Amino acid sequence: KGDSPDILVMTATPIPRTLALILYGDLDISIIDELPPGRQPIETIAIEHKRRKEAYENLVRDEVEKGRQVYVVCPLVEESEKIEATAASELVEELKREFFSDLRVGLLHGKMRPSEKDAVMDDFKNKKLSVKNLLTNEVFEDNYDKLVLTLGSWPIVPKFEGGTLDNIVLCKNYNHALNIIEKSKDAKNVVVIGAGYIGVELAEAFEMQGKNTTLIDAENRIMAKYLDKEFTDIAETEFKNKGVNIVLGQKVQKFEGTDTVKKVITDKGEYNADLVVLCIGFAPNTKLVNGAIIIDEYMRTSEEDVFAAGDCCVVKYNPAKDTRYIPLATNAVRMGTLVGKNLIKPTLKYMGTQGTSGIKIYNKCIASTGLTEEVAKNTTNYNVGSVTIDENYRPEFMPTFEEAKVKLVFDKDSRKILGGQIISNIDLTQYMNTLSVVIQNEMTIEELAMTDFFFQPHFNKPWSLLNAVALKAL
């Protein structure tokens, strides 16, 4: 990114690349083994490899916030030479708790390697692995021609005090859902921790079953990753009107109870609970290889004949032109198909993702794609602009019509569209699928404003909602 970096952060002690990436992976920095010949930094900062908040968090983040390009020199050393695999894993978890418990932690980009802790990936180079039969505990050696890793993700579960009490549950799969349904039958007070998509859907379901429902999140808004404030305000109002207790900007500290949970204690209050559902987020389920797996456009890892797909991988994120961890079913099914297409030879490229998603909260149909305005400003160097309209989706001469709120996020310099959001009482969420194609093809505001869409008064107006919001930005 230019002739020389603005800031070069040198670690006084060599640290594993994976550790550097979990510390800095959510920042716009470069992790490098050494500076290319002839490139000199404007300024060099040396930091000791110690567990110090000032070194790991404030120093680097402050420089990024100043708009300076930061390079972290991380000498490439085998992790096994420095710390045992189990110790490395424990250190990473400790660092997460100590330094990033109040943040959306940067992703651990793991280098493919055997893990002594699980002892199942023995030898990538010789294409051998140890397999454990979980029914008999028999361990045997096997080999492969091609290996496909589809390890998925698993809920993030912080080590809260009282976290082992009964009726504190997860929500990831079908069996979890059955467990929640059974335990909720006798529950009067339900607390959902985490206000992402899963958390808000659970809160709605519990309220509709007549439960005293509390939704807690450390963020100041629900669904903050997916929607900007003008949209989450509407969703929050829907919950409040239904009597759901929305508790935002509070961090859970511990759980209280004898055998079964009875209270959730945060840093600002306490809440009665007969049932607690943890929906804090997901992390790649990759103990085998230590970290989210980096893949190329053909789903290949850094190891020969080893492929990976789904929630255990990072993905190419087109709006920001970087790679991010975005565990979505839509990404997973495409990636699985691509593995099948490319297993014998490179055939079909991965096109990346816009992270398009949708949700229905009571009567509100909501969808988004690409970057929100807030995320764009916080995680990219774009000159971010936005425009919002409140417009009836079809002509007012029709017997009925409904208003929709539509927002576009774009780069003021290139005029390219970066993201969008929509909310309405009628299902107009497919507009965001269209906008996803717009972002993937790097269309500008001007191009979207003049794009041809059909008109039929049963469905829309002569100017489509996407035309209309783009026209407002001209």
Side-chain angles (χ1 to χ4, degrees), residues 96-97 100-105 153-227 232-283 359-362 364:
K96 282 184 184 180
R97 293 193 301 273
F100 299 101
S101 60
D102 60 338
L103 301 172
R104 294 190 180 279
V105 180
S153 60
W154 196 251
I156 295 169
V157 184
K159 292 184 178 179
F160 294 120
E161 181 183 339
T164 59
L165 290 170
D166 195 20
N167 281 12
I168 300 175
V169 299
L170 303 176
C171 186
K172 163 69 176 176
N173 55 37
Y174 177 69
N175 289 329
H176 286 163
L178 293 179
N179 186 40
I180 290 170
I181 291 170
E182 185 62 31
K183 288 182 177 293
S184 67
K185 291 178 180 177
D186 298 323
K188 179 181 178 182
N189 301 304
V190 179
V191 175
V192 179
I193 300 173
Y197 276 178
I198 294 176
V200 298
E201 287 182 323
L202 281 168
E204 178 189 23
F206 285 129
E207 183 279 322
M208 292 176 71
Q209 290 181 348
K211 310 296 182 182
N212 297 326
T213 306
T214 299
L215 179 61
I216 301 176
D217 199 285
E219 298 285 342
N220 292 318
R221 301 187 291 111
I222 68 173
M223 300 182 291
K225 285 173 58 179
Y226 309 100
L227 301 164
T232 58
D233 282 351
I234 297 172
E236 288 170 16
T237 298
E238 289 289 304
F239 277 115
K240 291 173 183 176
N241 289 343
K242 296 290 186 177
V244 175
N245 184 23
I246 303 291
V247 178
L248 301 173
Q250 296 191 25
K251 302 171 189 174
V252 173
Q253 304 293 304
K254 63 179 180 178
F255 302 111
E256 289 185 351
T258 306
D259 297 318
T260 303
V261 66
K262 292 300 178 185
K263 280 188 178 181
V264 177
I265 310 299
T266 73
D267 55 349
K268 297 177 182 177
E270 56 182 55
Y271 306 92
N272 293 329
D274 306 309
L275 174 64
V276 174
V277 187
L278 300 179
C279 305
I280 296 169
F282 295 96
I359 191 170
K360 189 172 188 292
I361 299 175
Y362 295 108
K364 299 300 180 183

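Nothing here was measured: the structure is a model prediction, and the numbers come from that model.
Closest heavy-atom contact between G199 and L215: O-CD1, 3.9 Å. Closest heavy-atom contact between I168 and G163: CD1-O, 4.0 Å. Taking every heavy atom of both residues into account, V190 and A187 meet most closely at CG2-CB, 4.2 Å. Closest heavy-atom contact between A235 and M223: CB-CE, 3.7 Å. Across all their heavy atoms, E238 and I361 have their closest contact at OE1-O, 4.3 Å. V191 and A273 get closest at one heavy-atom pair: CG2-CB, 3.6 Å.
In this model, no donor atom of one side chain and acceptor atom of the other lie less than 3.5 Å apart for T213 and K242.
Here the OG1 atom belonging to T214 is positioned 4.0 Å from the CG atom belonging to N245, to the nearest 0.5 angstrom. Here the CD atom belonging to E270 is positioned 14.5 Å from the NZ atom belonging to K262, to the nearest 0.5 angstrom. Between I359 atom CD1 and E204 atom CD the span is 7.5 Å, to the nearest 0.5 Å. With values rounded to the nearest 0.5 angstrom, S184 atom OG is found 10.0 Å from L202 atom CG. Atom NZ in K172 sits 12.0 Å away from atom SG in C279 (nearest 0.5 Å). Distance check, rounded to the nearest 0.5 Å: OG1 of T266 to CG of D217 gives 12.0 Å.
In this structure the side chain of I265 never reaches within 4.5 angstrom of the side chain of V252, judged on heavy atoms. With contacts defined as side-chain heavy-atom distances shorter than 4.5 Å, the pair L248/E219 does not qualify. For the pair F206 and V244, the minimum side-chain heavy-atom distance is 4.5 Å or more. F282 has its side chain out of reach of W154: every pair of non-hydrogen atoms, C-beta onward, lies at least 4.5 Å apart. When side chains are defined from C-beta on, P155 does not count as touching L278, because their heavy atoms never get closer than 4.5 Å. Put simply, the side chain of K263 reaches to within 4.5 Å of the side chain of N272, judged on heavy atoms. Side-chain atoms of L170 and V157, non-hydrogen and from C-beta on, do get closer than 4.5 Å to each other. By the 4.5 Å heavy-atom criterion applied to side chains, N167 and V276 are not counted as neighbours.
A salt bridge links K254 and E256; the closest N-O separation between the charged side-chain nitrogens and carboxylate oxygens is under 4.0 Å. Using a 4.0 Å cut-off between charged side-chain N and carboxylate O, K183 and D274 make no salt bridge.
Listed by first and then second residue, the ring pair (Phe, Tyr, Trp, His ring centres under 6.0 Å) pairs that reach into residues 244-278 are F160-F255, sequence neighbours excluded.
With E236 contributing its side chain and I222 its backbone, the two residues share a donor-acceptor pair below 3.5 Å. Side-chain atoms of K211 never come within 3.5 Å of backbone atoms of A203 as a donor-acceptor pair (strictly under, hydrogens ignored).
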Under the side chain to side chain contact (heavy atoms under 4.5 Å, CB included) criterion, do F239 and E207 qualify, and how do the steps go? CA-CA 9 Å; F239 277 115; E207 183 279 322; over 6 Å; no
Run N189 and N212 through side chain to side chain contact (heavy atoms under 4.5 Å, CB included) and show every step you take. CA-CA 5 Å; N189 301 304; N212 297 326; 3.0 Å; yes
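T232 pairs in a side-chain contact (heavy atoms from CB on, under 4.5 Å) with only one of the listed residues (L227, T237, N220), which is L227.
Within 6.0 Å of atom CG in N241, more than 12 heavy atoms from other residues, nucleotides or ligands are found, so the atom counts as buried in its surroundings.
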